[in-house]
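Presented below is the structure to which this report refers.
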Amino acid sequence: MTATVDWQPLIEAALEARQRAYAPYSHYAVGAALLTEDGTIITGANVENAVYPLGICAERVAVARAVHAGHTRFRALVVATVNGGTPCGACRQTLREFAAELPIVTVDAQGRVVLETDLAALLPHAFSPRDLPQE
Ligand code: THU
């Protein structure tokens with residue numbers, strides 16, 4: 001499934017996005033790069049806040065930026081952290097809204113691939129829009 005994705009530009013975009021993280025509290029900078037269906041790369045980084053719970057993850061920044069730019073279909077996601085950490089549960093659910101089987105790669109700060117997976121593996125038996133009763 002991941003064979004058709006050109007991962008290197010996404011990895012570079014996620015690493016660059018990570019440089020623009022605002023993470024003065026956790027010091028855990030995260031960069032995300034989403035590949036849209038039409039080949040556009042949309043990035044995000046985590047943005048923390050002095051009111052700690054208000055911080056937002058890199059992946060959700062990327063999703064919000066993408067949707068606001070008119071993209072709701074995604075082909076791949078790269079997440080860059082110091083150690084190749086995976087998307088948190090909230091981000092998995094946010095991504096699930098748009099891409100049930102999204103291929104995901106995590107990389108470390110040097111761009112080395114740590115994990116190759118997909119959203120179906122990260123969020124099995126997910127609640128999805130189809131679970132809501134139709135009128
Ligand atoms: N973080 C992300 O940006 N994405 C994730 O999926 C995991 C966590 C951020 C949130 C917070 O700013 C910092 O990493 C430490 O949790």
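Here the structure is a predicted model, which is why all the values come from computation and not from measurement. All ligand and atom numbering here is 1-based and tracks the order in the structure.
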Pick whichever of R18, E48, H27 has a heavy atom sitting closest to atom 11 (C) of ligand 1.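 Looking at heavy atoms only, the winner is E48.
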Heavy-atom nearest neighbour of atom 14 (O) of ligand 1 within options Y22, Y52, Y28: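 Heavy atom nearest to atom 14 (O) of ligand 1 belongs to Y28.
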Considering only protein heavy atoms, which is closest to [atom], and at what distance to one decimal place?
atom	answer
atom 4 (N) of ligand 1	E59 OE1, 2.8 Å
atom 10 (C) of ligand 1	C57 SG, 4.0 Å
atom 9 (C) of ligand 1	N46 ND2, 3.5 Å
atom 3 (O) of ligand 1	A58 N, 2.9 Å
atom 15 (C) of ligand 1	S26 OG, 3.6 Å

V61 side chain reached by N46 side chain, heavy atoms, under 4.5 Å: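 No, side chains not in contact.
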Any I104 side-chain heavy atom under 4.5 Å of L122 side chain: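 Side-chain contact under 4.5 Å: yes.
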Using non-hydrogen atoms of the residue, decide whether A23 is closer than 4.0 angstrom to ligand 1.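 The answer is no: ligand 1 sits nowhere under 4.0 Å from a heavy atom of A23.
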Among V107, T86, V79, the one residue meeting side chain to side chain contact (heavy atoms under 4.5 Å, CB included) with L115: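 Among the candidates, only T86 passes.
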To check you understand the geometry: which heavy-atom pair defines the closest contact between L119 and A99, and what is its length?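 In this case the closest contact between L119 and A99 is CD2-O, 3.1 Å.
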Using 0.5 Å steps for rounding, measure from the CZ atom of F74 to the CG atom of L95.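 If we round to the nearest 0.5 Å, F74:CZ and L95:CG are 8.0 Å apart.
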Measure the spacing between CD1 of I56 and CD of E48 and express it to the nearest 0.5 Å.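 Reported value, rounded in 0.5 Å steps: 12.0 Å.
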Is the shortest N/O to N/O distance between C88 and ligand 1 below 3.5 Å?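 Min N/O separation from ligand 1 is below 3.5 Å for C88.
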Is there a donor-acceptor pair closer than 3.5 Å between any side-chain N or O of Q93 and the backbone N or O of F127?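 Yes, Q93 side chain to F127 backbone: donor-acceptor pair under 3.5 Å.
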Would you mind running through ligand 1 and noting each atom that sits below 4.0 Å from a heavy atom of P87?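 Those of ligand 1 that fall under 4.0 Å from P87 are 6 (O).
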